[in-house]
Amino acid sequence: MTRLARPFVVAVVLLLAVGTMSACLAAEPNGVDPDSIKRGAYLATASDCAACHTAPGGLAFAGGLPIASPVGTIFSTNITPSASAGIGNYSEVDFARAVRRGVRKDGGNLYPAMPYTSYRLLTDADIHDLYNYFRHGVAAVDLVPRRTALPFPMNIRASMIGWNLLFLSSASFVADPHQSADWNRGAYLANGPAHCSTCHTPRGFLMQELSGSNLAGGQVGPWFAPNITSDASSGIGSWTQQELVQYLRTGSLPPKARAAGSMGEAVEHSFQYLTSADVAAIATYIRAIPAVHDGSDSQSRFGYGTAGSMLGTLRGANGIRSDTGTSPTGAELFLSNCASCHASRGQGSKDDYYPSLFHNSVTGAANSSNLIATILYGVDRKISSGQAYMPGFGGHKTDPSQFNDNEIVLLANYVFQQYGRAGTTVSRGDVAVVRQGGPSSSLVLLAQIGVAAAACVLLLLVLFLIFRAARRRRTA
Ligand code: HEC
Ligand code: HEC
Ligand code: HEC
């Protein structure tokens, strides 16, 4: 070999070695495409799997979050790749069946607290990427979360087979050729991964989504997800595309609306991370949702109220809380607990950090849940540009510094009268319902009565048959 050729050969060998090494590094072990894992991570964010499968302070996707449902508390499961506690033994087919059809690997049916009725729209390609992410992009956690134990007969998982026959469509996503690509992408995201309807669509007697009232407003635990159809007064028909995009990305649209409760969480964990194109697509689609009008609405939620205070009538009054001996009025409670941030006339702060309480979709609502829940639990929403934080005033029932139900009634009624929709009133019963995590359903009781009635009929039938057989034998 010549003197010149030797360094050349060495360089080629080195290049080859580096080339093979980087090729090996780029491909994940098991030959899984790293881009697929990345796409899966994005889909998991867009679908907000963490909202339910990661408990506050818990390990990612290890489950155990208690989810209040009208028939009892349902605990989310561990979906990390742990073989003993998670979904490590799930094949892609098993995974697809759980996510889109609500059936576990062992054949047990999942409760629809897992939003498979929306995820059923996920395409095969997206399921493939999600599966790769949950297999190779998530750390295994070997902790088995608390088991769900619903009251009889809801503890019979097979009862969901009937529910699925009635309410789980088998249709997959079909793009509408008459609509733009943007609208179609929005339709896929909003109805599938982002599952807006699971919160915003009212539910019927069997807790199924009422598709005829799509996105016309639904109760989600203590919070109420309002009508977001294109109706100008009942919905958000007067919001511009830009306004809806801003609300979804930041949870803040002064002075119209803020996102607290489950919407605050959806913004924090999911919507703020979506690409601009995807958020715009969702907004395009949502703004075209057919209007659902409620006859009692004459103007939009954010149109009510003006600045004001009852300061004049309070001069000289010294009662602040019930422990002063005199019973406080709503105005007093407001001035001593809320005005420091929302200002004495309810106008909020100039920089909009503290919202105005008039022209605010919570105080202008016909449904009082969100005002009560805001007072009880406060607001805590973290996004890349900062945190929106309001302390809760009543979430801890045993803490004497927190409001009791009566004080919340006085305060909420004052806020509705003074700053919002004066026709909305709050009773102690309303506060008690929000405190216990939302309305409960009579479904369990009715089902128990139904099962008991069926058992009685069966017992009578058996007794009758025994009686008849005995008589035949006697007469024979
Ligand atoms: C709104 C809450 C919620 C969201 C969002 C959610 N899940 Fe679930 N998921 C649940 C609950 C609750 C269960 C358990 C239900 C039961 O025990 O019947 C569950 C069960 C599962 C199971 C079955 C595991 C097993 O063996 O028990 C899988 C798999 C699963 N979820 C995957 C996902 C994925 C992937 C996402 C995101 C695309 C997701 N989930 C989003 C609530 C949710
Ligand atoms: C987990 C439940 C949940 C999901 C999922 C959800 N929302 Fe919400 N949404 C709520 C709740 C609760 C509120 C009320 C928040 C408040 O007033 O603080 C709300 C409020 C809103 C508002 C403000 C309405 C107003 O007048 O104040 C808009 C707009 C909205 N959601 C759009 C969407 C869209 C679009 C999606 C799907 C991409 C979606 N939401 C998904 C629960 C949810
Ligand atoms: C320490 C400051 C502070 C105090 C005290 C306070 N708030 Fe708030 N409030 C906030 C902040 C911050 C927000 C959320 C702003 C956002 O979401 O961007 C908020 C939001 C709200 C909202 C809108 C919630 C929504 O979902 O849109 C209402 C209504 C409200 N507060 C009422 C009250 C009432 C009534 C009191 C008195 C019991 C009170 N606040 C006390 C800071 C405060």
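When a ligand or atom number is given, it counts from 1 through the structure's own listing order.
- Using a 4.0 angstrom heavy-atom cutoff, Phe271 counts as in contact with ligand 2.
- Here the protein heavy atom with the shortest distance to atom 25 (C) of ligand 3 is Val362 CG2, 3.4 Å.
- Contact analysis puts Leu371 in contact with ligand 3, with a non-hydrogen atom separation below 4.0 angstrom.
- Counting only protein N, O or S atoms, 2 lie closer than 2.8 Å to atom 8 (Fe) of ligand 1.
- Contact between Tyr353 and ligand 3 is present, with at least one heavy atom of the residue lying under 4.0 Å from the ligand.
- For atom 23 (C) of ligand 3, the nearest protein heavy atom (residue, atom name, distance) is Asn360 ND2, 3.9 Å.
- Here's the thing with Asn78: none of its N/O atoms is less than 3.5 angstrom from an N/O atom of ligand 1.
- On a distance-only criterion, Ser252 and ligand 3 share no N/O pair closer than 3.5 Å.
- Looking only at distances, a side-chain donor or acceptor of Thr80 sits under 3.5 Å from a matching main-chain atom of Val141.
- The protein atom (non-hydrogen) at minimum distance from atom 12 (C) of ligand 3 is Tyr389 O, 3.2 Å.
- Ordered by chain and number, His342 NE2, Met390 SD make up the set of protein N, O or S atoms under 2.8 Å of atom 8 (Fe) of ligand 3.
- Residue-level proximity to ligand 2 for Ala259 is carried by the backbone, the only part with a heavy atom below 4.0 angstrom.
- Of the polar atoms of Arg381, at least one N or O is found under 3.5 Å from an N or O of ligand 3, judged by distance alone.
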